[in-house]
Every structure is written in structure tokens, then in C-alpha cells.
Amino acid sequence: MSKPRLIVSRQIPPDVVARIHEEYDCPYTGADMDADTLIRAVTDHRADALMITSHLPFRRDVIDRLPGHIRIVATCSVGTDHIEIPAAKARGLPMTNTPDVLTECTADLAFMLMLNAFRRGYEYDRVMREGWRVHYGLGEMMGRRASGKTLGLVGYGRIGQAMARRARGFGMKILYTARNRAAPEVEEGATYFSDLRAMLPHCDALSLHAPGGAATAKVMNAETFGLLPKGAVFVNAARGSLVDEAALIAALQSGHLYGAGLDVFNNEPEYDTRFAALPNTFLAPHMGSATVETRNAMGFRALDNIAAVLEGKAPIDPIWS
Ligand code: DGY
């Protein structure tokens, strides 16, 4: 029996490629496809399925041009803000994402960003690479203590809750704001605020864990950064679109914010390089899920979704229903 035909729009881990070659007829090159290349590849290969990532804006203009033989599109990401879901729904095109499997590693990275912001991780690393040769006085190069502080979370879904679990291990008090209050067993003592603005003045650190998209665009702006206490630390491993970056840079330059740890930006990869000039800012190039274990699990989860739909079953992780 011939194998189902698959197109993959971007480079993926070797273990996932190996499984694809076992199960699919796929002319995988690892090339980063733009929309036109992708439509051509899918059409020429008469593909049954397509695997994409969050790097490709998957809007109506792309979805409407997909040939009818495509039966499923699986994005290798938990985020779906790159996808125009109503357009997929209008076409009746099953689309899936990869929730759960990246929760722990994304929270690990967010926690790493937070600790580096509190403890001047970038500056310490720079001193060493520049050849540290003088003792610092006990009053020099001091960071801020993270343990025992109050952490505010914007969004209390899977990744927000995983961040809270880590913070509890550091004796931190947890506050959160989300559309709905979580059940007591999920809150585990965290304090709910229905209003972001009411929570901000109580946060020593603030970490974003909400999805991107119109509803959350620039929730952190000059006004909301101003509501954080002076000396707060800011962390974003969610989406750059949640932040007014000019306001963030101003708050870091003025010292209103003590530091920031940032993994995501408004314009990736052409991020605003003014961030690179800020010594109190620890930066990463959108790597929340970037471990071998998690990237493999994401690829396998996408393949499981594709297999389910091609076998006539319901998708495991549908992004619309
Ligand atoms: C996700 O899965 O949404 C990550 O941010 C990678 O895009």
C-alpha cells in the first residue's frame, strides 16, 4: 500500500524526520518555505497532509489556495495566533496544534529568564567573557533576591500553572489574572485577580503566559508597566504581541523595571535591537520549547494528529470544532 503524502514547511528534529520517512511519502528538505513555495510543494506532491510551524503566517490567503487533496494541517506549536482559524473553519479544514508536550520546558525557560533578570545573569556572563580580573566589593554587582518574592502571572493555563509550581519551590507568593478563576485544586493557594491593573502593584515579578492575538495585544503598555512597583522584574516567554516594546524599553532604561527576561518579540527574527543594548535584559531567540525532548514530542504529536485524521478518526488536538 502506498504511504500517505506529507509536506513539511520547515526544518524539524532528526528523530521526527526519521519517523516521517518511515510512515510517509515526504520530499523533506528542511527548507524554510514561504507561502508560495508551500502551495507549490503541496500541489506538486499531491499532499494529503501538511505540517507547519508558527513561523509561517497561515492566513486566509494561504488557506484558500490550498488544494482540495489536503485533509489536515498540523502546526508544530501550541500557539495558534499565526492561523486565521475562521478561514480554516469556513473550509472545513481540520487543523491541530501540540498542547501539553511543551508545557514543562517552556516554563523552565520562563523561570530561567526570571532568575537571570533578578540576578543579573547577562552582566555576570559578560564580565567573565571579558576576562574578569578584579575582585568586586561586597556592595558591587548586587542583584535582587528572587526567593520569597511575589510573582504575578498573566494567564493561568498549562504553562502559567507550571511556572507557578516552579515559583512555589522558591517560596514565592503567586498572584494571577485570567479570564476565569481556576478551581481551588488548580489555584493551589494562588490569589486570583479578575483585573490585571489591580494585580500589577503587588508584583515583584510579572510573567506573561497568555496567548497572542487581538484580545491580548499590548496588554503591557506604558500605563500597565507604570502600575508595576519600581524595581519589578518582567518576563515574557509567551508572545511579543502582548507587549508595547517602546514602553518596555523606556521602563528598562529609566530603571522603573529592574530587569527583564525576554524570549519573544514583536517582530521575529528582526527584533528591536535596542533590547541588546540594555544590560538589565536577558534575551533568548524564541526558544521556550527548544529541547530535544520537547521538540521531538511536538513533532510526534503533530504526526499523531495527522495519522488520526488520515485514518478517518477525530483529530487529537483540534484547534477549531
Ligand atoms: C509555540 O509552540 O507556540 C511556541 O511559541 C513555538 O512557536
Side-chain angles (χ1 to χ4, degrees), residues 54 77-81 97-118 146-220 224-225 227-228 232-243 248 257 260-265 282 284 286-291 294 297-298 317 319:
S54 62
S77 62
V78 66
T80 57
D81 49 315
N97 66 342
T98 59
D100 302 320
V101 292
L102 46 65
T103 300
E104 301 303 327
C105 281
T106 305
D108 285 350
L109 185 110
F111 211 79
M112 175 185 108
L113 296 176
M114 184 178 74
L115 290 180
N116 274 289
F118 269 119
S147 320
K149 291 280 169 60
T150 298
L151 169 64
L153 302 169
V154 178
Y156 198 64
R158 287 172 288 244
I159 300 172
Q161 290 166 35
M163 183 73 171
R165 282 197 294 280
R166 284 153 180 74
R168 282 188 198 100
F170 278 64
M172 297 181 89
K173 181 176 175 198
I174 314 296
L175 317 178
Y176 75 99
T177 183
R179 260 195 317 249
N180 299 307
R181 184 168 181 175
E185 65 275 18
V186 177
E187 271 187 346
E188 291 189 71
T191 305
Y192 175 65
F193 286 79
S194 57
D195 178 17
L196 167 71
R197 285 170 178 72
M199 179 179 82
L200 293 174
H202 306 286
C203 300
D204 298 312
L206 183 78
S207 186
L208 305 188
H209 299 284
T216 56
K218 295 194 176 157
V219 285
M220 292 311 298
T224 47
F225 281 122
L227 290 171
L228 284 166
V233 151
F234 176 70
V235 175
N236 190 6
R239 283 292 183 267
S241 61
L242 274 68
V243 175
L248 173 57
L257 289 180
L262 306 174
D263 183 46
V264 288
F265 302 87
F282 187 89
H286 201 147
M287 289 292 156
S289 62
T291 62
T294 290
M298 290 165 75
D317 304 300
I319 64 174

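For this chain, numbers begin at 1 and follow the sequence in order.
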Please tell me if the side chains of [X] and [Y] come closer than 4.5 Å, counting only heavy atoms from C-beta onward.
X: Val186; Y: Gln161; value: yes
X: Met287; Y: Met112; value: no
X: Lys149; Y: Val233; value: no
X: Leu151; Y: Ser207; value: yes
X: Glu187; Y: Arg181; value: yes
X: Asp317; Y: Thr98; value: no
X: Phe225; Y: Val243; value: yes
X: Val235; Y: Phe111; value: no

- prompt: Where do Phe234 and Leu208 land on the side chain to side chain contact (heavy atoms under 4.5 Å, CB included) test, with the steps shown first?
  reply: CA-CA 8 Å; Phe234 176 70; Leu208 305 188; 3.6 Å; yes
message: Determine whether His209 and Thr106 satisfy the following criterion, side chain to side chain contact (heavy atoms under 4.5 Å, CB included), listing intermediate values before the conclusion.
response: CA-CA 10 Å; His209 299 284; Thr106 305; 5.9 Å; no
Heavy-atom donor-acceptor pair, [X] side chain to [Y] backbone, under 3.5 Å:
X: Ser147; Y: Gly171; answer: no
X: Arg158; Y: Val101; answer: no
X: Thr294; Y: Leu102; answer: no

Between [atom1] of [X] and [atom2] of [Y], what distance do you get to the nearest 0.5 Å?
X: Leu206; Y: Thr150; atom1: CG; atom2: OG1; result: 12.0 Å
X: Met220; Y: Leu248; atom1: CE; atom2: CG; result: 8.5 Å
X: Leu228; Y: Leu200; atom1: CG; atom2: CG; result: 5.0 Å
X: Leu227; Y: Leu196; atom1: CG; atom2: CG; result: 8.0 Å
X: Arg239; Y: His286; atom1: CZ; atom2: NE2; result: 4.5 Å
X: Glu104; Y: Leu109; atom1: CD; atom2: CG; result: 13.0 Å

statement: Per side-chain contact (heavy atoms from CB on, under 4.5 Å), Leu113 is matched among Leu262, Asn236, Asp263 by Asp263
Closest heavy-atom pair and its distance - [X], [Y]:
X: Ala167; Y: Ile174; result: CB-CD1, 3.5 Å
X: Ala190; Y: Tyr156; result: CB-OH, 4.0 Å
X: Asn97; Y: Ser77; result: CB-O, 3.1 Å
X: Pro211; Y: Thr216; result: O-OG1, 2.7 Å
X: Asp81; Y: Gly213; result: CB-N, 4.2 Å
X: Leu153; Y: Ala164; result: CD1-CB, 3.8 Å

query: Aromatic ring centroids of Tyr176 and Tyr192 under 6.0 Å?
result: yes
Criterion side chain to side chain contact (heavy atoms under 4.5 Å, CB included) on Arg166 and Met114, from CA distance to verdict: CA-CA 11 Å; Arg166 284 153 180 74; Met114 184 178 74; over 6 Å; no
